[in-house]
Amino acid sequence: MKSFDTCSAVESGGNNFDDDGREKRTGTLMTATAHIITAVIGSGVLSLAWAIAQLGWVAGTVILVTFAVINYYTSTMLADCYRSPDTGIRNYIYMDVVRAYLGGWKVKLCGLAQYGSLVGITIGYTITASISLVAIGKANCFHYKGHEARCSVSNYPLMAAFGTIQIVLSQIHNFHKLSFLSIIATIMSFSYASIGIGLALAALASGKIGKTDLTGTVVGVDVTASDKIWRSFQAAGDIAFSYAFSVVLVEIQDTLRSSPPENKVMKKASLAGVSTTTAFYVLCGCIGYAAFGNQAPGDFLTDFGFYEPYWLIDFANACIAIHLIAAYQVFAQPIFLFVEKKCNKSWPESNFITKEHYISIPLLGKCRINFLRLVWRTTYVIFSTVVAMIFPFFNAILGLIGALTFWPLTVYFPVEMHISQKRVKKYTMRWIGLKLLVLVCFVVSLLAAVGSIVGLISSVKAYKPFHNLD
């Protein structure tokens, strides 16, 4: 049975290499779409009702649709930049794309934003997965002991278990071999999002309708004036960032076959991914807000917007955990490959770094083991797991990271490279429109960063190290 790229039979005959001398890419429209959905639809989809509650029906739905369009539009620009101008050489990572089109200090800014974001996401996913697993134990406790029972479950053993699974999966050789994981994650995403929508619809059908408003939460009734401002900033940012997948777009495009052209397939995959995501976001956000009103919880499932049927809540939370197991690898692989590429370039004669060892493992067949890959990736997973254990409020930090990296990675670089590639003349209507887009998104990122900092301060004040989730 063949499982990972680390375990494969030796192929013979035929053309097994692409135009750049690398192993022939096998990615398709379906696998690219699966990667995008895995990267974009996270458990955050279940918190969109809270975001809509802060903004209201009008602003909430307008922002949902507007940023879907913006993210798709800028993703098509980035897809067109996969190959270098003039030479047509492939660019394997985002930094290479920026180097080819813009150069200079912008390459370092791109690297700092991209890899800082990726590291933050992997730590955040470790925490979120443990929260979902904790919710399973608490749902069972509430079912048998009553909804008012004090149910405490330690999330630290669950983080350790999540990390152990990631140590094994991290030995998948490269991004090209993650398709099976992304397909599983996509199915899981659809499952828990659909369950959330279904539970909200059931609540509406039963007549339990929360109080909603065109402008969302009411000052003096639901929130204070300052909370209304900060939460609105944070909600707008959460919606804007929830569509972003530019942080791994180039790596996803690098998995595609060279024919048909990668940029055309990537644009179709982006459209399919963003359209699917938008449909689920609108359904979860709007139906959830209609069901819970201005008191919408931060998450349908882990914050117990619903208690019954408990077995369905358990299943949905299990789907979230499985999705995050796969999604962790989608965001971690670029980190792994970046460091390994640097090591290979610096010490090309080191057997520890470059030599592949083949061992036979029952059921998996002949497996490729590289000592650098084994040690480095295991060390990174342990690091991300330990940080998650020490800073359980890291998701608040992740909101700030998202605010700081959304603008350069999703808007600024794609637009600037598009202007360079298409030679858009200064002060034409098109140039002014693109610059205005960059400015508006910068303002949104800035306001969201302020909202995230306020939320982070509150989280730090409530921080209790190595404290169980009650």
Side-chain angles (χ1 to χ4, degrees), residues 30 33-53 60-61 63-65 67-68 71-72 121 124-125 127-129 131-136 139 181-205 210 235 238-245 269-292 296-328 330-331 395 402:
M30 184 184 76
T33 303
H35 284 317
I36 292 170
I37 292 174
T38 299
V40 177
I41 298 185
S43 58
V45 67
L46 300 171
S47 67
L48 286 174
W50 176 88
I52 299 292
T61 51
I63 290 175
L64 266 176
V65 175
F67 277 96
N71 275 274
Y72 169 68
I121 289 170
Y125 277 9
I127 297 169
T128 306
I131 291 172
S132 293
L133 293 172
V134 163
I136 293 175
L181 275 180
S182 287
I183 291 171
I184 292 171
T186 299
I187 295 170
M188 295 298 103
S189 298
F190 290 165
S191 298
Y192 65 72
S194 298
I195 290 171
I197 294 168
L199 290 172
L201 284 172
L204 285 174
D238 287 350
I239 292 172
F241 312 149
S242 65
Y243 287 103
F245 61 97
S270 297
L271 180 60
V274 173
S275 298
T276 303
T277 300
T278 303
F280 274 98
Y281 281 7
V282 170
L283 287 171
C284 275
C286 294
I287 295 175
Y289 181 45
F292 293 105
D299 187 296
F300 281 6
L301 302 174
T302 58
D303 286 347
F304 291 94
F306 303 100
Y307 288 92
E308 301 292 345
Y310 79 98
W311 57 267
L312 188 59
I313 306 297
D314 286 353
F315 177 73
N317 278 305
C319 288
I320 292 174
I322 294 170
H323 168 254
L324 293 175
I325 286 172
Y328 181 102
V330 170
F331 290 101
N395 278 340

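Atom CH2 of residue Trp311 and atom CG of residue Asp314 lie 10.0 Å apart, to the nearest 0.5 angstrom. The CG atom of Asn71 sits 11.0 Å away from atom CD1 of Ile36, with the distance rounded to the nearest 0.5 Å. Note that the CG atom of Leu324 and the CD1 atom of Ile127 stand 11.5 Å from one another [nearest 0.5 Å]. Interatomic distance, Leu48 CG to Ile287 CD1, rounded to the nearest 0.5 Å: 12.5 Å. The line from OG1 of Thr276 to OH of Tyr281 is 11.5 Å long, rounded to the nearest 0.5 Å. Atoms CD1 and OG1, from Ile37 and Thr186 in turn, are 5.0 Å apart once rounded to the nearest 0.5 Å.
Looking only at side-chain heavy atoms (C-beta outward), Leu64 and Ile52 come within less than 4.5 Å of each other. Within the 4.5 Å cutoff, the side chain of Ser270 has heavy atoms near those of the Phe245 side chain.
Counting only distance, with no hydrogens or angles, the side chain of Tyr243 and the backbone of Tyr72 share no donor-acceptor pair below 3.5 Å. In terms of modelled atom types and a separation under 3.5 Å, the side chain of Thr128 and the main chain of Tyr125 share no donor-acceptor contact.
Among all heavy-atom pairs drawn from Val40 and Ala244, the shortest one is CG2-O, 4.4 Å. The minimum heavy-atom distance between Ala49 and Gly288, with the atom names listed, is CB-C, 3.6 Å. The two residues Ala321 and Leu133 make their nearest non-hydrogen contact at CB-CD2, 3.8 Å. Taking all atoms of both residues into account, the shortest heavy-atom contact from Cys284 to Ile197 is SG-CG1, 3.5 Å. Of all non-hydrogen atoms in Phe331 and Ala39, the two that sit nearest each other are CZ-O, 3.6 Å. Closest non-hydrogen pair, Ser182 versus Val330, comes out as OG-CG2, 3.7 Å.
Ile322 is linked by a side-chain contact (heavy atoms from CB on, under 4.5 Å) to Ile184, Met188, counting only residues two or more places apart in sequence or in another chain. Residues satisfying the side-chain contact (heavy atoms from CB on, under 4.5 Å) test with Ser189, not counting sequence neighbours, are Ile41, Tyr192, His323. Partners of Ile183 according to the side-chain contact (heavy atoms from CB on, under 4.5 Å) rule, which considers only residues two or more places apart in sequence or in another chain, are Met30, Ala34, Ile187.
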Q. Run the side chain to side chain contact (heavy atoms under 4.5 Å, CB included) check on Leu199 and Leu312 step by step: do they pass?
A. CA-CA 10 Å; Leu199 290 172; Leu312 188 59; 4.1 Å; yes
